[in-house]
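All ligand and atom numbering here is 1-based and tracks the order in the structure. Owing to the predicted nature of the structure, the values given are computational and were not obtained by experimental measurement.
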Amino acid sequence: MGRYAETHRRSIEHREEFWRERAALIHWQEPFRQVLDYSKPPFAKWFVGGKTNICHNAIDRHLRTRGDQAALNFISTETGQHATYTYKDLYAEVNRFAAILQAQGVGRGDRVLIYMPMIAEAVFAMLACLRIGAIHSVVFGGFAAASLATRIDDAAPKVMVTADAGMRAGKAVPYKHLVDEAVRLAKNPPARVIIVNRGIDPDMPRTAGRDLDYAALCKEHANALVPCVWLESSEPSYILYTSGTTGKPKGVQRDTGGYAVALAYSMQSIFCVEPGETFFCTSDIGWVVGHSYIVYAPLLNGSTTIMYEGLPIRPDPGIWWKIVADHRVKTMFSSPTAIRVLKKQDTAYMRAHDTSSLQRLFLAGEPLDEPTARWVTDALGGTSIIDNYWQTETGWPILSAQPGIEDTPRKFGSPSFPVTGYDVALLHEATGAAVGVGEKGVLTIVPPLPPGCMTTVWGDDARFVSTYFNTFPDKLVYSTFDWATRDADGYYFVLGRTDDVINVAGHRLGTREIEEAVQAHAGIAEVAVVGVNDALKGQVPLAFAVAKDPARTATPELRAVLEKEVMAAVDKELGAIGRPARVHFVTVLPKTRSGKLLRRSIQALAEGRDPGDLTTIEDPAALEQILSALGVKA
Ligand code: AMP
């Protein structure tokens, strides 16, 4: 048996022993009594009774050995700012931010909502929360006010942290305006909003008594030192919202000790980065990849992390490779969509920079298609390209090559094997039996979920169980809601979602969520949203809508007007990220006789495939309408 297979086997068969050893990767203020408490399946508690703090492990612990080493390099090609924060600098910044939060009454268990562009202060805020035992909820800056308001109501934060604006492609993107709107919409708004004023938006509104200026607060708390609050291992570190099949996003709740151990371990087993080496993750702090691999894992590991505000093609398509060369980046983490964007550019931009330091490029978030994988493998020469598969829920990879354990050969189109700690099973959709080699099954994880994975849905234990553990009536397994196959060599191939979730440029969106945003337009009676293949973004949403007043869709010109209005409604409700690529108008949607939307059939037609079994359809004319809306002859 190879080293990988042996390690993986041990992590499942001798689970507690395995993780007890890994737990030594972090500092425990008080040792744990029990490695795993699985007395209430499927709820798993890791390192029970142990007391620790993620901020201590990410900063304080390194001060003595690497205080003067760069911890965080902030680079913005939007504003031209560059800043390097050593571990000592980061310690000072985070202590100050922690004092600011405490002065606003934030303490252990309180929530802080962070809605920030990619600036260093966002990292200070996240770490400051964990330092004092507060729970952060970072919301991606691309979400609109209504989406932000839903998350405010669910998390009920005491304080929000934002900035006047971000910048994208040289244009200011207002944040504070949007926060004001969200706070107005929220039923339970926070008492205070802390604003990092970057001087980008001169029209930034301010509400006296509620809004506080970060720079002024920094002066007040200039040299503050705030001790870490030691948390029991399963106390929450953060909440991160993610989309599912319902319109209401779920707050993925993460623990403290398990998450820290899993991330620290992943830096050795998967990412192969040593303390002192540089890691560059191109994600955004609003996504799980940004949480785990811009902020926490590199710092827990004593490495240097890079935070980049800007596009991969500005000022020119060589910018990422310039960052790699300038900072001698050893490991990079990005997404297939980003690589497809770069693939369209002249490779001379990449070749202009010395990327010899770059040993591995990890790609995740969506399927990595073979042409893209081949292109980037050739373009980067000696760098290994590693596809890895995971979810917001798991916090770290489920499937990946683990070169820190064994350098197994990779196959294009496959994220290789189950990561150590994950007991993965491919189950037949109807019977729940394990499928054979090459057969398609639902990708599941046999619980207990390993350390680092979500522990529950924020405020809703029942939803955690009913959403994730209810796919098979007589089997308690966690469903990823992805289809996959496994070949004779044990390599997994992920085939796409089993549910109505779509993946746009590596970001998960619920079709239901987009449908609700479309229906925010008063002129729309009904809508079906499906994800269709897209050469650049993997998938894009397409909407098929029924207008309340047929006169509004009588001519192509009128339809174009309504389509624009609907897109604007989605931008406003959900954010441009959910905007359908097209809104087509029909007078009836394909449904079953019991009224269920036939999204799969619509999707198949939109992708030029066979729509499948249609015996249950209520009105066959509905499909013809879809085809003619798409400009296809029935
Ligand atoms: P998110 O929670 O937003 O990161 O989305 C997770 C989903 O993205 C998964 O359930 C998959 O559908 C998809 N996904 C993530 N990584 C990969 C990958 N390497 N290959 C194929 N699909 C992926």
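- Between the side chains of Arg340 and Thr337, a donor-acceptor pair is found at a separation under 3.5 Å.
- No more than 12 heavy atoms of other residues, nucleotides or ligands sit less than 6.0 Å from atom NZ of Lys537.
- Near ligand 1, heavy-atom contacts under 4.0 Å come from Gly365, Glu366, Pro367, Asp387, Asn388, Tyr389, Trp390, Gln391, Thr392, Asp482, Val494, Arg497, Asn503, Arg508.
- Residue Arg15 qualifies as enclosed at atom CZ: its count of foreign heavy atoms under 6.0 Å is above 12.
- Taking a 6.0 Å sphere around NZ of Lys411, one finds it holds more than 12 heavy atoms contributed by other residues, nucleotides or ligands.
- By the 4.5 Å heavy-atom criterion applied to side chains, Arg22 and Ser11 are not counted as neighbours.
- Each of Phe362, Tyr422, Tyr293, Trp287 was checked for a ring pair (Phe, Tyr, Trp, His ring centres under 6.0 Å) with Trp390, and the lone residue meeting it is Tyr293.
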